[in-house]
Structure formats: C-alpha cells, structure tokens
Amino acid sequence: MIGNDYKRTDRVAGLIQRKLAEIIQLEIKDPRLPRFITVSAVKVVPNMSVARIYITVLGEDADRDLTLQILNTASGFLRTSLAR
C-alpha cells in the first residue's frame with residue numbers, strides 16, 4: 001500500500017470517534033448529560049472485535065461518574081447507531 005501510513009484499525013478508530021461524538025451530541029436526549037462531552041480517543045483491537053472509547057467531560061459542575069453511567073446505559077443504542 002503505497003502512500004497509506006495508517007493501519008485499517010486506525011482508520012476504523014477515527015471513524016468511530018467522529019461518528020460517536022456526533023451521536024452523543026445530537027441523538028442522546030438525557031438532560032443529565034453535561035453539555036460538553038468529547039470523545040478523546042478510540043482504540044480498536046487488531047481483529048476489530050472490541051473498541052475502547054475514551055471520553056473527556058468538561059465543565060465544573062459535570063458529574064463524571066453519572067456521565068459514564070448514562071453512556072454505559074445507552075451503549076446498546078450507541079452500538080446500533082454506529083452500525084447504521
């Protein structure tokens with residue numbers, strides 16, 4: 001592959017990162033979620049069966065534990081939305 005410095009897993013991770021950030025901002029309507037949630041990184045294992053998602057929650061009044069709980073509860077919805 002000439003001119004292709006990225007592995008396929010890196011490309012998939014980048015796509016997941018962009019789409020997941022969009023889904024969280026536009027489609028999850030839980031009022032308890034802080035306004036500023038950033039998907040800071042995505043790591044995908046070589047066989048692409050698992051992706052580890054890293055988020056950053058911004059804001060002084062943001063409850064990080066509650067945010068993680070809400071996102072973990074919505075994980076099925078997030079997976080389905082990504083699959084589309």
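We count residues from 1, following the sequence as given. When reading the values below, keep in mind they use all heavy atoms of this one structure, side chains included, and skip hydrogens, waters and symmetry mates. These numbers were taken from a predicted model, which means no experiment stands behind them.
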Restricting to non-hydrogen atoms, name the atom on Leu58 and the atom on Thr38 that form the minimum distance, rounded to 0.1 Å.
CD1-OG1, 4.3 Å

Flag, side chain of Ser40 to backbone of Tyr54, donor-acceptor distance under 3.5 Å:
yes

Could you state whether Val39 and Phe36 fall into the same hydrophobic cluster, counting links through intermediate Ile, Leu, Val, Met, Phe, Trp or Tyr residues with side-chain heavy atoms under 4.5 angstrom apart?
no

With rounding to the nearest 0.5 Å, note down the distance linking CD1 in Ile16 to CD1 in Ile23.
10.0 Å

Backbone of Leu78 reached by a side-chain donor or acceptor of Ser81 within 3.5 Å:
no

Keeping Gln25 on the side-chain end and Ile37 on the backbone end, is there a donor-acceptor pair under 3.5 Å?
yes

CZ of Arg32 to CG of Leu66: how many Å apart, nearest 0.5 Å?
5.5 Å

Under the side-chain contact (heavy atoms from CB on, under 4.5 Å) test against Leu15, which residue among Gln17, Lys19, Arg11 passes?
Lys19

Could you give the distance from CG (Leu33) to CD (Gln69), rounded to the nearest 0.5 Å?
11.0 Å

The reported gap from CZ in Phe77 to CD1 in Ile24 (rounded to nearest 0.5 angstrom) is 10.0 Å

Have Arg64 and Thr67 got a donor and an acceptor in their side chains that come within less than 3.5 Å?
no

Would you name the heavy atoms of Ala13 and Val42 that are closest together and state the gap between them?
CB-O, 3.4 Å

To the nearest 0.5 Å, how far apart are CZ in Arg79 and CG in Leu20?
11.0 Å

Run the side-chain contact (heavy atoms from CB on, under 4.5 Å) test on Leu68 and Ile55 for me, step by step, so that the C-alpha distance in whole Å, both residues' side-chain angles and the decisive distance to 0.1 Å come before the verdict.
CA-CA 9 Å; Leu68 287 175; Ile55 65 164; 3.7 Å; yes

